[in-house]
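To find a chain, count down the sequence lines: A is the first, B the second, and so on, and within it residues start at 1.
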Protein chains: 4
Amino acid sequence: MRQAQQARAKATVDAVVEAAARILAEAGWPAVNTNAIARRAGVSVGSVYEYFPNKQAILDVIIDRHLTEAEETLAAAASSLAGVTDTGVLVEALVAGFVRLHENDPRLHRALSSEVPVSPAQRARVEALRKRTISLLAAALAPNVSDPGIRATLLVDTADALAHRWLIDEVGLPLPADRMASEATKMLKGYLLS
Amino acid sequence: MRQAQQARAKATVDAVVEAAARILAEAGWPAVNTNAIARRAGVSVGSVYEYFPNKQAILDVIIDRHLTEAEETLAAAASSLAGVTDTGVLVEALVAGFVRLHENDPRLHRALSSEVPVSPAQRARVEALRKRTISLLAAALAPNVSDPGIRATLLVDTADALAHRWLIDEVGLPLPADRMASEATKMLKGYLLS
Amino acid sequence: MRQAQQARAKATVDAVVEAAARILAEAGWPAVNTNAIARRAGVSVGSVYEYFPNKQAILDVIIDRHLTEAEETLAAAASSLAGVTDTGVLVEALVAGFVRLHENDPRLHRALSSEVPVSPAQRARVEALRKRTISLLAAALAPNVSDPGIRATLLVDTADALAHRWLIDEVGLPLPADRMASEATKMLKGYLLS
Amino acid sequence: MRQAQQARAKATVDAVVEAAARILAEAGWPAVNTNAIARRAGVSVGSVYEYFPNKQAILDVIIDRHLTEAEETLAAAASSLAGVTDTGVLVEALVAGFVRLHENDPRLHRALSSEVPVSPAQRARVEALRKRTISLLAAALAPNVSDPGIRATLLVDTADALAHRWLIDEVGLPLPADRMASEATKMLKGYLLS
DNA sequence: GATGAATGAGCTTTCATTCAT
DNA sequence: CATGAATGAAAGCTCATTCAT
């Protein structure tokens with residue numbers, strides 16, 4: 001009984017978050033308003049405010065979810081690459097990881113990174129994730145490469161930025177995105193050998 | 001008389017655009033409203049609507065100005081580099097150009113690229129500029145480099161994205177931004193030699 | 001069984017009314033909402049509506065309780081003063097009665113008399129109580145005093161209003177409230193002798 | 001021209017305040033909402049917020065107006081009674097003053113004193129006015145009366161409370177209100193002679 | 001043209017009340 | 001009967017835009 005109630009409540013929460021994410025992805029931040037969210041979620045505005053103190057809180061959950069996904073991808077990569085020092089393997093995993101991260105729901109991704117008001121705390125969380133990624137890569141590169149901190153920064157920022165541009169920004173490319181990714185991998189590998 | 005009126009009109013237009021740009025840079029997109037713009041520009045709301053059909057049009061001019069600046073930088077680079085085929089020189093100019101472009105008014109730059117709702121038309125204009133940059137670079141690289149189109153794409157997107165991240169995003173770096181830029185230059189040069 | 005159910009129902013009703021009264025006294029009328037009442041009473045909103053048709057009905061019970069207390073005070077005074085015609089004793093009992101009535105839960109008293117929307121019916125009930133008090137006093141005064149109706153009106157309204165002002169309104173006084181009450185008693189006694 | 005514009009603006013402000021006061025007097029505080037105020041004032045909601053930061057601010061103006069009126073009545077009485085020490089004259093003026101104050105717009109008066117949320121600052125202002133009235137009366141009584149502070153408090157609070165009850169509360173009276181006032185005057189005069 | 005008062009659609013949020021479980 | 005999730009009318013407020021002066 002209790003369970004059933006909680007399940008119902010959870011379903012409402014999920015529906016609201018999902019509705020907000022869909023509107024955000026399809027129509028952009030200006031189109032995200034509480035009435036639209038409620039309508040799309042198939043609930044009433046009142047229910048939205050039953051579970052979220054205000055509109056921003058819904059967005060926060062979406063951003064959280066997004067960041068958590070990225071953090072988990074990093075953690076998974078870190079554990080599956082534990083002990084690996086082969087620079088080629090590391091670069092390939094890096095690029096592949098960022099590609100995977102950006103392949104999922106690119107419209108939402110774009111809205112989140114270029115329309116939505118991001119709080120300082122959220123910005124800090126993004127930066128912390130970036131820093132952690134760089135640190136992990138730097139540690140793995142250290143045995144074989146000079147200036148690992150600098151190189152890791154360049155690698156991570158380049159891989160992230162290119163993946164973003166090619167997969168999110170709907171930009172024209174002379175090759176399919178995956179072939180471009182291979183090319184980027186080649187460039188980054190070459191850089192590590194210098 | 002006609003002359004004087006036109007001069008006055010232009011002054012108003014400029015004041016409005018400048019006011020909007022300053023509010024955008026200092027307080028972000030949510031703070032940009034027509035009353036604030038008019039107050040800051042020292043004119044009445046009525047006058048704003050005398051020269052702009054709606055609020056978006058003001059933003060459009062700001063974006064235009066921004067793009068025009070980039071286009072001029074590109075045109076200047078193109079003419080000063082006319083005939084140059086030395087890949088090292090080209091890469092250095094490319095990175096230096098993007099750095100220069102991002103050094104100017106970074107707060108405004110950030111607001112424009114991560115808060116403001118950008119119309120499809122504007123997106124198209126950004127893409128056109130990118131395409132033109134890639135084409136020019138590809139043509140210059142063509143004599144000495146295989147797959148010039150692919151390589152130019154990689155070079156332009158990387159240089160642009162890294163400049164953006166390092167100069168606009170207020171991100172932590174192991175070296176000063178100009179030293180990071182040198183490192184990026186090194187990477188891109190190496191890539192062209194492969 | 002029936003007995004137990006009724007006892008339980010009464011307990012719920014009491015808890016709800018008491019919760020509403022406490023919120024009203026502590027946080028004022030704007031803070032009184034059905035969810036807060038239910039939470040404070042330790043029951044669900046649903047249960048509140050099981051026993052009260054609407055929010056106003058809860059307030060009505062509080063007002064009722066308040067008026068009943070006043071009526072009982074009046075009845076007690078009437079019976080204990082039955083046959084008393086000494087005007088001094090009557091005035092002292094009158095003032096003491098109103099003081100006692102206002103000493104109890106002054107915050108609630110204030111909220112009830114200056115925040116809460118009072119219905120015409122409730123106003124009528126207050127007026128009926130006032131009229132009854134005046135009538136009883138007038139009857140007691142009749143043997144010894146001319147114009148007993150007018151004098152009783154003046155006495156009752158003055159005693160009530162001053163007790164209210166001095167005990168409820170948190171107003172600055174040159175003497176403690178009980179000393180002020182003695183002074184008022186003196187004034188009213190003097191008036192009856194005129 | 002400037003003047004005309006300001007006149008128009010002032011007319012809007014006045015219409016809004018007046019509309020709010022009328023709704024408050026006729027239908028009570030719960031009926032006072034910004035849309036109703038705007039409709040009644042013959043302006044749009046936007047205009048209301050052009051001149052008032054929020055709904056409370058409108059109410060504040062009404063309360064201010066009310067208090068200012070009372071303060072002016074006090075000031076006028078003080079100056080016209082300067083030097084008067086005849087207690088009979090003083091009491092008559094006191095009662096007449098409170099009657100006059102309560103005769104005006106009694107429905108509004110009632111709403112203001114028993115429905116509307118009053119801020120601590122406003123309460124303080126009311127208390128300050130009461131204190132000032134008491135002080136002025138005490139000073140005038142001082143030559144002829146013992147305990148002038150205590151007696152002035154009793155006189156002021158009684159006159160105010162009775163005027164309020166008889167003129168505002170729509171309460172049943174054995175005589176017309178003005179005759180009741182004479183009776184109250186008689187009582188208060190008697191008290192001063194004791 | 002310039003002004004700024006006025007407009008009102010539309011947004012966020014609250015809360016008395018209902019009803020499926 | 002009890003529960004508490006769900007409802008939705010209604011309120012406060014904002015701001016792009018209009019228009020009388």
Spacing of CG belonging to C:Leu24 relative to CZ belonging to C:Arg107, to within rounding of 0.5 Å
11.0 Å
Residues passing the ring-ring contact (aromatic ring centres under 6.0 Å, His included) test with B:His164, sequence neighbours excluded, are B:His102, B:His109
I need the [atom1]-[atom2] distance between [X] and [N], as an integer number of Å.
X	N	atom1	atom2	answer
D:Lys10	E:dA6	NZ	C1'	18 Å
C:Ile37	F:dT3	CD1	P	16 Å
D:Asn33	F:dA10	CG	P	11 Å
D:Tyr51	E:dG4	OH	P	11 Å
D:Arg39	F:dG12	CZ	P	11 Å

Is there a side-chain contact between [X] and [Y], using heavy atoms and a 4.5 Å cut-off?
X	Y	value
C:His66	C:Asn104	no
C:Glu170	C:Arg110	yes
C:Val32	C:Ile58	no
D:Leu59	D:Pro117	yes

If you take any heavy atom closer than 4.0 Å to DNA chain F, which residues from residues 53-63 of chain B end up in contact?
B:Asn54, B:Lys55
Look at [X] and [N] and indicate whether a side-chain polar atom (N or O) is within less than 4.0 Å of OP1 or OP2.
X	N	answer
A:Thr34	E:dC11	no
C:Ser47	F:dT3	yes
B:Ser44	E:dT3	yes
C:Tyr49	E:dT17	yes

Applying a 4.0 Å non-hydrogen cut-off, can you work out what A:Thr12 is touching in the nucleic acid: base, sugar-phosphate, or nothing?
sugar-phosphate
Using a 4.0 Å heavy-atom cut-off across all strands, classify A:Val43 as base, sugar-phosphate, or nothing.
sugar-phosphate
Between C:Pro30 and B:Val48, who's closer to the 5' end of DNA chain E by nearest nucleotide?
B:Val48
Dot-bracket, 5' to 3', for DNA chain E please: Watson-Crick or G-U pairs under 3.5 Å, [ ] where pairs cross earlier ones, | where the partner sits on another strand, dots elsewhere.
.||||||||||||||||||||
For the CZ atom on A:Arg40, are there more than 12 heavy atoms of other groups (residues, nucleotides or ligands in this structure) within a distance under 6.0 Å?
yes
Exam field: side chain C:Ser114 to backbone C:Ala111, donor-acceptor pair closer than 3.5 Å
no
Test side chain to side chain contact (heavy atoms under 4.5 Å, CB included) on A:Glu127 and B:Asp169; report intermediate values, then the result.
CA-CA 10 Å; A:Glu127 171 68 356; B:Asp169 285 351; over 6 Å; no
On DNA chain F, more 5' by nearest nucleotide between C:Glu50 and A:Asn35 is C:Glu50
